[in-house]
Engineer: 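So that we are looking at the same thing, I have put the structure below in structure tokens.
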Amino acid sequence: MATVELSFSALPVHVRTARLIVTAVARRSGVAEALLDEVRLAVGEACSRAVEAHRRHCPDEPVRLELSGAGRRFEVIVSDTVPEDGTATAIPEVGTPEEEIEHVWDAGTAELGLAVIAGLADDVDIESTPKGVQIRMSWPAEADAPA
């Protein structure tokens, strides 16, 4: 299968569309029906994390996905373009207890999302670069998937 590339605006409403597309491509690539819910949930978590990062730091940049079914694996790469210049990952200055609670909640939610992804995907690699974060996930696929 060739690589399918998808990019979408950093809006939460587009996460559902991305999940539907990824699930259809996974099915077409030969991922077992029993794993499709895991694919859908993991991709939803990764896309939600990227959308939130973009909304905070670069709302005009699209979130990017790459889907490929090479050999006996179906692979999804979710990429954001939030630069690693310290602004996206540094702990912000907080002035009030409400702002502090919001920051702690956001950091904990992001870590929980990554833990969920790691539990759902068969193989996960998270890479932070100066250009952004890439979450690479893969699942087994049958070799005799429909063309």
Side-chain angles (χ1 to χ4, degrees), residues 1-70 73-141 145:
M1 177 188 134
T3 299
V4 175
E5 295 181 5
L6 171 69
S7 61
F8 61 90
S9 307
L11 297 172
V13 68
H14 295 308
V15 172
R16 180 177 186 269
T17 304
R19 286 188 346 226
L20 292 171
I21 291 169
V22 169
T23 303
V25 174
R27 181 177 286 121
R28 191 92 170 127
S29 297
V31 174
E33 288 290 324
L35 294 176
L36 290 179
D37 281 339
E38 294 178 10
V39 171
R40 181 179 4 237
L41 290 171
V43 169
E45 286 292 332
C47 288
S48 294
R49 193 210 65 75
V51 164
E52 184 60 28
H54 276 236
R55 291 183 73 195
R56 289 177 181 261
H57 301 286
C58 52
D60 295 332
E61 293 292 320
V63 174
R64 300 187 190 289
L65 278 81
E66 293 179 36
L67 320 172
S68 62
R73 305 292 298 170
F74 173 68
E75 183 177 83
V76 178
I77 302 171
V78 178
S79 303
D80 68 42
T81 54
V82 176
E84 187 185 57
D85 61 359
T87 59
T89 56
I91 297 174
E93 296 289 325
V94 292
T96 66
E98 291 82 14
E99 290 172 341
E100 186 173 333
I101 289 170
E102 182 178 323
H103 170 70
V104 170
W105 175 251
D106 290 344
T109 302
E111 289 177 16
L112 179 61
L114 293 176
V116 168
I117 292 167
L120 293 169
D122 189 55
D123 185 36
V124 178
D125 180 42
I126 301 168
E127 185 177 336
S128 181
T129 69
K131 294 182 180 180
V133 175
Q134 267 193 351
I135 300 176
R136 181 184 313 264
M137 305 164 278
S138 69
W139 293 266

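Here the structure is a predicted model, which means the values were calculated and not measured. Along the sequence shown, residues are numbered consecutively beginning with 1.
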Engineer: Can you measure from CD (Glu38) to CE (Met137) and round to the nearest 0.5 angstrom?
Structural biologist: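 Answer rounded to 0.5 Å: 12.5 Å.
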
Engineer: Does the distance from a Lys or Arg side-chain N to an Asp or Glu carboxylate O, for Glu5 and Arg64, drop under 4.0 Å?
Structural biologist: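 A salt bridge is absent here (no side-chain N lies under 4.0 Å from a carboxylate O).
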
Engineer: Quick one: does Ser29's side chain have a donor or acceptor within less than 3.5 Å of a partner on Val31's backbone?
Structural biologist: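 Such a contact is absent between Ser29 side chain and Val31 backbone.
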
Engineer: Considering non-hydrogen atoms only, spot the tightest contact between Pro12 and Val51 and give its length.
Structural biologist: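 In terms of heavy atoms, the two residues are closest at N-CG1, 3.8 Å.
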
Engineer: Out of the candidates Leu114, Thr81, Ile126, Val82, only one should pair with Val133 under the side chain to side chain contact (heavy atoms under 4.5 Å, CB included) rule; please name it.
Structural biologist: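 Only match with Val133 under side chain to side chain contact (heavy atoms under 4.5 Å, CB included): Ile126.
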
Engineer: Find the distance between CG (Leu67) and OG1 (Thr3) and round it off to the nearest 0.5 Å.
Structural biologist: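 The CG atom of Leu67 sits 8.5 Å away from the OG1 atom of Thr3.
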
Engineer: So, do Phe74 and Val39 sit near enough that their side-chain heavy atoms are less than 4.5 Å apart?
Structural biologist: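 Yes, side chains in contact.
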
Engineer: In terms of side-chain geometry, is the basic nitrogen of Glu45 or Arg49 positioned less than 4.0 Å from the acidic oxygen of its partner?
Structural biologist: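 Here Glu45 does not pair with Arg49 in a salt bridge, since their nearest N and O are not under 4.0 Å apart.
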
Engineer: In Å, rounded to the nearest 0.5 Å, how long is the span from CG of Leu120 to CZ of Arg40?
Structural biologist: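 The CZ atom of Arg40 is 11.5 Å from CG of Leu120, to the nearest 0.5 Å.
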
Engineer: Yes or no on side chain to side chain contact (heavy atoms under 4.5 Å, CB included) for Val63 and His54, after CA distance, side-chain angles and deciding distance?
Structural biologist: CA-CA 8 Å; Val63 174; His54 276 236; 4.2 Å; yes

Engineer: Measure the spacing between NE2 of His14 and SG of Cys47 and express it to the nearest 0.5 Å.
Structural biologist: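 The SG atom of Cys47 is 11.5 Å from NE2 of His14, to the nearest 0.5 Å.
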
Engineer: Shortest non-hydrogen contact from Ile117 to Ala42?
Structural biologist: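 Minimum heavy-atom separation between Ile117 and Ala42: CG1-O, 3.7 Å.
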
Engineer: Take Val43 and Leu65, measure what side chain to side chain contact (heavy atoms under 4.5 Å, CB included) needs, and give me the verdict at the end.
Structural biologist: CA-CA 9 Å; Val43 169; Leu65 278 81; 4.2 Å; yes

Engineer: State, with a plain yes or no, whether a side-chain heavy atom of Lys131 is found less than 4.5 Å away from one of Ser79.
Structural biologist: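 A side-chain contact under 4.5 Å is absent here.
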
Engineer: When rounded to the nearest 0.5 angstrom, what distance separates CD in Glu61 from OG in Ser9?
Structural biologist: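 Nearest 0.5 Å value for the CD-OG distance: 11.0 Å.
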
Engineer: Answer whether the closest heavy-atom distance between the side chains of Asp80 and Cys58 falls below 4.5 Å.
Structural biologist: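 The answer is no; the side chains never approach within 4.5 Å.
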
Engineer: Within this structure, what is the CG-CZ distance for the pair Asp37 and Arg19, rounded to the nearest 0.5 Å?
Structural biologist: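 Atom-to-atom, Asp37:CG and Arg19:CZ are 10.0 Å apart.
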
Engineer: State, with a plain yes or no, whether a side-chain heavy atom of Leu41 is found less than 4.5 Å away from one of Val116.
Structural biologist: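 Leu41 does not reach Val116 side chain to side chain.
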
